[in-house]
Amino acid sequence: MKDQPLVVFNTLTRRKEDFRPLHPPFTGMYVCGPTVYGDAHLGHARPAVSFDLIFRYLKHIGYKVRYVRNITDVGHLENDADDGEDKIAKKARLEQLEPMEVVQYFTDRYHRNMDQLNVLRPSIEPRASGHIIEQIEMIRRILNAGYAYVVNGSVYFDVEKYAQKYHYGKLSGRVVDELLVNTRTLEKQEEKHNSFDFALWKKASGEHIMRWPSPWGEGFPGWHMECSAMGTKYLGDTFDIHGGGMDLLFPHHEAEIAQSTAALGHESVRYWLHNNMITINGQKMGKSLNNFITLNEFFQGAHPLLEKAYSPMAIRFFILQAHYRSTLDFSNEALQAAEKGLKRLMTAYVTLQRLTPGTVSHSDVPALRQACYDAMNDDFNSPVVIASLFEGARIINSVNDGHESINKADLALLHTIFNDFVFGILGLTGEELNQKQLVDGLVETIISLRRQVREAKDFKTSDLIRDELRRLGILLKDSREGTTWELE
RNA sequence: GGUCUCGUGGCCGAGGGGCUAGGCAGAGGUCUGCAAAACCUCGUACAGCGGUUCGAAUCCGCUCGAGACCUCCA
């Protein structure tokens, strides 16, 4: 079952293809990571969880995966691709911090959020600012190949020239002639030959603080350069998978293809995988619409649109219940449904631990396992995996209730299925109860029961309760106002 | 305006020419001191209109509606 071909939907061909890595058992995957100028929101969780699922599954079926996910800390501009302020630099100016302080702060917070979601760390997490040399080198190669031009200390990609030999727009379906008509003409773009040309290197103006020396003067790299440079640096000139959000298809990924092809003479990426968006009230949740809810807000319930707090695992499960290429609509109702479904699955797992085998099985457990692999092999169809796992939960509960039985081999298989898929591949974890809340609640409950006993003048029982708690290190103190407690 | 998606029962979501997922919510039942959990049963959904076909939610066309990208966004 693991030997069945894995089929993935390649955005480049718009169809499902057999996944055949270049150098099995090794495979490489590059995914566009966050620009660290703010807290991660639910939209950021989608690619993180989706590609975590893919990373986990590839490893599960035996690949040695090198997973590269970058941190964008320079070059990502606001407003338009060539003349906005750098997002990081802007934040630094507003907060009166060094840009790298902003980067460190939000990178740390991003990592914390990803850990909470049980998203595995990538194998390599390169930063754009740490790869200026590689980017300059790649720009030089593009220039040498004749697909870029220098103007006044900046370097631009020559899309028209490139399009004469290669297919610009092959990933996103854009047509160069139409781009000319449809691309907005923006201010201060007179340096470019064509409006659709994009910056590889930008000259730094006087007040620009994030700047590096280059053959073309002091400046900084264009946003698209980092991924081309770092992807090929760590995964080779040709590598298997490149992922990211669908909103990056154009221009970001299209530009990446053009850059790599111009510099190397061939494309770098074999399979392009794109996750869809999370919507809120039918619209994409994103920075620009200012309709996003951060992960921390979800975890704390601290947002007007949230009826309550949602645990990281509820969020993860919510995301996995939809296929990664479908839009997923946020609502409190949907989130609460996910929360309850997750609880049902986890409770079944606990029940599974105390099941004892019988002589016959009434349910087809091997078929269940097969269904899980079939679903994953069909472009990572996690919702179908989850449906099968719920069938597993049904079997567990029925056996537990004595409505059916399961033989020894099938019981062992059920353990394997849950361990492999629930924890290993879907990456779900049991919710940890908040220990402090739990202790507080328990002690308060005991104190209130003891009060009833005391009111009934049953001091023998009330003293017994106090002594037993004291043995655990919990000291009860009775006073006129009532009973308080503390840990000794 | 261009390119491209998508419209599935109260909600979320798979599937994708005949075998009609799953979760949540709801109804009934079993169990039960009560409750919870669990199990069983139930609703018979595919935007509309045509067409192809023995047969369409699934293919084709049109209409309506929603969204994404075309500018930074995961």
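Within every chain, numbering begins at 1; the chains are lettered A, B, ... in the order of the sequence lines, protein sequences first and strands thereafter.
Proximity of N381(A) to the phosphate of rG15(B): a side-chain N or O atom is located under 4.0 Å from OP1 or OP2. Taking 4.0 angstrom as the limit, K340(A) places a side-chain polar atom (N or O) nearer than this to OP1 or OP2 of rA25(B). Here R325(A) does not reach the OP1 or OP2 of rG15(B): none of its side-chain N or O atoms lies under 4.0 Å away. For the OP1/OP2 pair of rA38(B) and a distance below 4.0 Å, the side-chain nitrogens and oxygens of R344(A) include at least one atom meeting the criterion.
Distances were taken from every side-chain heavy atom of A337(A) (C-beta onward) to each of rG13(B), rC11(B), rC24(B); the shortest belongs to rC24(B). Distances from the side chain of A322(A) to the nucleotides rA14(B), rG10(B), rA68(B) place rA14(B) closest. Comparing rC11(B), rC69(B), rA74(B) against the side chain of I278(A) picks out rA74(B) as the nearest. In this structure, of rG10(B), rA74(B), rC4(B), it is rC4(B) that holds the atom nearest to the side chain of R14(A). Listed nucleotides: rA21(B), rC70(B), rC39(B). Nearest to the side chain of P251(A): rC70(B). Here the side chain of Q321(A) is nearest to one of rA21(B), rG23(B), rA74(B), namely rG23(B). The side chain of S398(A) has rC39(B) as its nearest neighbour among rC39(B), rA21(B), rG67(B). Considering only the side chain of F250(A), rC69(B) comes nearest among rC69(B), rA14(B), rC72(B). When distances run from any side-chain atom of R174(A) to the nucleotides rG2(B), rA68(B), rC39(B), the shortest one goes to rG2(B).
Note on G43(A): a base of the nucleic acid sits closer than 4.0 angstrom, heavy atoms only. Counting any heavy atom pair closer than 4.0 Å across all strands shown, L248(A) reaches sugar-phosphate atoms only and no base atom. M246(A) comes within 4.0 angstrom of no nucleic acid atom, judged by non-hydrogen atoms across all strands. When heavy atoms are screened at a 4.0 angstrom cut-off, N397(A) is found touching the sugar-phosphate backbone but no base atom. Using a 4.0 Å heavy-atom cutoff across all strands shown, A387(A) reaches at least one base atom of the nucleic acid. Across all strands shown, L345(A) has no heavy atoms under 4.0 Å from either base or sugar-phosphate atoms. Across all strands, H323(A) comes closer than 4.0 Å only to sugar-phosphate atoms, never to a base (heavy-atom distances). Within the nucleic acid shown, N276(A) comes within 4.0 Å of at least one base atom, counting heavy atoms only. Residue K284(A) is classed as a base contact, given a heavy-atom separation below 4.0 Å to a base. Among the protein residues, S326(A) comes within range of the sugar-phosphate backbone only, with heavy atoms under 4.0 Å from sugar or phosphate atoms but none that close to a base.
Remark: rA47(B) base-pairs with rU63(B); criterion is Watson-Crick or G-U wobble with both hydrogen-bond distances under 3.5 Å. Using N1 to N3 plus N6-O4 or O6-N4 for Watson-Crick, or N1-O2 and O6-N3 for G-U wobble, each under 3.5 Å, rA68(B) pairs with rU3(B). Base pairing analysis places rC11(B) opposite rG23(B); the two distances defining the Watson-Crick or G-U wobble pair are each below 3.5 Å. Within the shown strands, rG29(B) is the pairing partner of rC39(B) under the Watson-Crick or G-U definition, both distances less than 3.5 Å.
Comparing rC6(B) with rU44(B), their P atoms sit 29 Å apart, to the nearest whole Å. Across the C1' atoms, rG7(B) and rG15(B) are found 15 Å apart, a figure rounded to whole Å. For the P atom pair drawn from rC24(B) and rC39(B), the interatomic distance equals 9 Å after rounding to whole Å. rA27(B) and rC46(B) have their P atoms separated by 24 Å, given to the nearest Å. Separation of the C1' atoms belonging to rA57(B) and rA21(B) is 14 Å when rounded to the nearest angstrom. Comparing rG55(B) with rG22(B), their P atoms are spaced 29 Å from each other, to the whole Å. Using C1' as the reference atom, rG26(B) and rA45(B) are 16 Å apart when rounded to the nearest Å. The C1' atoms of rG65(B) and rG48(B) are separated by 10 Å, rounded to the nearest whole Å.
With hydrogens and angles disregarded, a donor-acceptor distance shorter than 3.5 Å links the side chain of T232(A) to the backbone of A229(A). Not a single donor-acceptor pair under 3.5 Å links the side chain of Q321(A) to the backbone N or O of P383(A). Formation of a donor-acceptor pair under 3.5 Å by the E256(A) side chain with backbone atoms of H224(A) is not found in this model. Remark: side-chain polar atoms of N397(A) are paired, donor with acceptor, to backbone N or O of A393(A) under 3.5 angstrom.
With RNA chain B read from its 5' end, the first of the two nearest nucleotides for F318(A) and P47(A) is the one closest to F318(A). Taking for each of P34(A) and D401(A) the nucleotide of RNA chain B with the nearest heavy atom, the 5'-most of the two is the partner of D401(A).
Checked against R69(A) for a side-chain contact (heavy atoms from CB on, under 4.5 Å), the options C32(A), P126(A), P122(A), P47(A) give a single hit: P122(A).
Surrounding CZ of R325(A) are more than 12 heavy atoms belonging to other residues, nucleotides or ligands, all under 6.0 Å away.
Here rG22(B) presents its C1' atom at 15 Å from CG of L328(A), a figure rounded to the nearest Å.
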Query raised in the report: Stepwise, does the ring-ring contact (aromatic ring centres under 6.0 Å, His included) test hold for F19(A) with F9(A)?
Result: CA-CA 9 Å; F19(A) 178 65; F9(A) 185 89; over 10 Å; no
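Between E95(A) and K91(A) there is a salt bridge, with a side-chain nitrogen of the basic residue lying less than 4.0 Å from a carboxylate oxygen of the acidic one.
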